[in-house]
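Here's the structure, in structure tokens; my notes come after.
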Amino acid sequence: MARRSSRNGFSVLAGLPWPAGILAGVFGFLAIRYLPAWWFSRGGQLTHGMGSELGEALSPLAWVFLAFCWIAALASYLGARRRRRLLEATSSLESLASRSWHEFEMLVGEAFRQHGYSVEETGLGGADGGVDLILRKQGRKVLVQCKQWRRRQIGVSVVREMVGLLAHHGADEVMIVGIGSFTRDAQAFAAGKPVELISGEALLRMIQMAQQSRTANSEGTRRVDPVFAPEGDASVPVHSCPRCGSVLVQRTNGQTGERFYGCSTYPRCRGTAVIS
């Protein structure tokens with residue numbers, strides 16, 4: 001299925017929080033409808049009449065702009081509600097695999113959004129290299145490619161492609177998110193590079209932590225970023241790898257039966273944390 005290769009003004013506005021569209025419409029309406037009259041009124045009685053006539057002439061355009069922005073705000077609100085419902089309804093790898101490719105990208109974006117990232121859903125692909133999401137947080141820019149492959153592992157060619165886009169997009173890191181796992185060659189190539197490989201198990205854990213965070217917010221408790229906990233804050237539960245900062249997933253020791261958190265990038269990183 002072909003994807004869009006560019007973003008128009010409506011999609012950009014609809015990608016912002018819905019209150020931004022409401023405010024943009026109001027300010028734009030006032031500027032188009034009344035700014036010309038105010039500007040020309042500064043020149044005296046003669047130009048004041050010209051300004052009033054120009055304002056009347058631009059009145060239809062002002063209403064069109066207002067409607068355009070408010071429709072985009074409605075699309076933003078409905079899109080945010082749909083993403084939240086997707087997040088809440090995901091509980092297993094099977095539910096991840098049952099999504100369409102677009103829903104999968106929306107779900108991944110919402111998971112990152114709940115972890116404090118600003119998310120741009122580019123929906124690019126093809127010649128642009130398959131950058132599905134652009135994340136921003138604390139001055140860092142991260143490129144994300146989503147791979148909803150259900151029957152095969154993600155290979156090294158995908159990782160090479162994304163690493164090659166780092167300089168082109170001026171990004172600090174790339175993340176490749178899939179439902180399955182990655183080949184050994186892909187993991188070996190990513191080692192030591194600003195690349196995060198997030199398997200289906202790690203993604204599911206991320207979604208579960210986002211769900212827990214939303215529940216905590218609705219109950220009025222303290223919100224914690226469960227993926228990248230603030231350094232030096234002993235009161236914050238550690239849900240990020242103490243060695244590399246990647247997502248931790250829950251594992252079980254095969255010999256003792258003890259549960260623990262293990263790094264999602266294992267065996268590239270062997271960081272662990274105790275479940276308290």
Side-chain angles (χ1 to χ4, degrees), residues 3-4 7 10-23 72-91 95-96 99-125 130-148 162 169 171-179 196-200 202-230 236-237 239-240 245-249 264:
R3 302 187 186 186
R4 64 186 183 277
R7 306 183 79 209
F10 183 87
S11 62
V12 171
L13 193 57
L16 299 175
W18 65 266
I22 296 292
L23 292 176
L74 177 62
S76 172
Y77 171 78
L78 295 176
R81 186 173 67 172
R82 182 184 179 191
R83 289 190 296 268
R84 287 194 299 268
R85 288 181 175 177
L86 282 173
L87 186 76
E88 294 166 357
T90 301
S91 59
S95 60
L96 282 174
R99 308 296 181 194
S100 67
W101 66 263
H102 183 55
E103 289 176 334
F104 183 68
E105 290 176 10
M106 291 176 64
L107 179 60
V108 172
E110 184 63 15
F112 279 109
R113 191 177 283 108
Q114 292 298 322
H115 288 312
Y117 288 88
S118 65
V119 180
E120 177 185 340
E121 298 174 351
T122 68
L124 295 175
V131 179
D132 299 310
L133 306 171
I134 298 179
L135 312 179
R136 291 180 175 85
K137 183 178 180 181
Q138 298 176 348
R140 291 177 57 81
K141 181 179 180 181
V142 182
L143 309 178
V144 178
Q145 186 178 69
C146 301
K147 288 293 185 184
Q148 198 189 17
M162 290 300 291
H169 287 272
D172 301 288
E173 184 183 4
V174 298
M175 295 182 181
I176 303 171
V177 184
I179 293 179
E196 186 79 25
L197 305 180
I198 301 179
S199 65
L203 173 61
L204 186 60
R205 179 60 185 168
M206 244 183 91
I207 292 171
Q208 290 170 344
M209 288 189 287
Q211 292 169 342
Q212 294 168 5
S213 178
R214 283 184 56 80
T215 301
N217 289 341
S218 65
E219 294 175 352
T221 57
R222 179 185 177 189
R223 185 184 187 278
V224 174
D225 182 344
V227 179
F228 301 101
V236 177
H239 290 290
S240 59
S246 301
V247 180
L248 289 176
V249 295
S264 59

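Just so it is clear, the model here is predicted, and its values are computed rather than measured.
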Heavy-atom check, side chain of Leu133 versus side chain of Tyr117, under 4.5 Å: no
Distance (rounded to the nearest 0.5 Å) between Leu203 CG and Met206 CE: 6.5 Å
Residue pair Val174 / Gln145, side-chain heavy-atom distance below 4.5 Å: no
Exercise: identify the closest heavy-atom pair between Gly109 and Val119: O-CG2, 3.4 Å
Contacts of type salt bridge (charged side-chain N to carboxylate O under 4.0 Å, His left out), residue Arg82, not counting sequence neighbours: Glu103
Short side-chain to backbone donor-acceptor contact, Thr90 and Leu86, under 3.5 Å: yes
Side chain to side chain, Ile176 and Ile198, heavy atoms closer than 4.5 Å: no
Donor-acceptor contact present, side-chain Lys137 to main-chain Val142, <3.5 Å: no
Reported CD-to-CG distance for the pair Glu120 and Leu135, which is rounded to 0.5 angstrom: 10.0 Å
Euclidean distance, Met175 CE relative to Cys146 SG, rounded to 0.5 Å: 11.5 Å
Where Pro17 and Ser76 come nearest, the two heavy atoms and their spacing: C-OG, 3.6 Å
Closest non-hydrogen atom pair, Ala111 against Ile207: CB-CG1, 4.1 Å
Any side-chain heavy-atom pair of Leu96 and Phe104 under 4.5 Å: yes
Non-hydrogen side-chain atoms of Met106 and Arg99 separated by less than 4.5 Å: no
With Arg140 via salt bridge (charged side-chain N to carboxylate O under 4.0 Å, His left out) - residues at least two apart: Glu173
From Met162 atom CE to Leu197 atom CG, the distance as rounded to the nearest 0.5 Å: 10.5 Å
Pairing of Arg113 and Glu110 as salt bridge, 4.0 angstrom limit: yes
Donor-acceptor pair, side chain of Asp132 and main chain of Glu105, under 3.5 angstrom: no
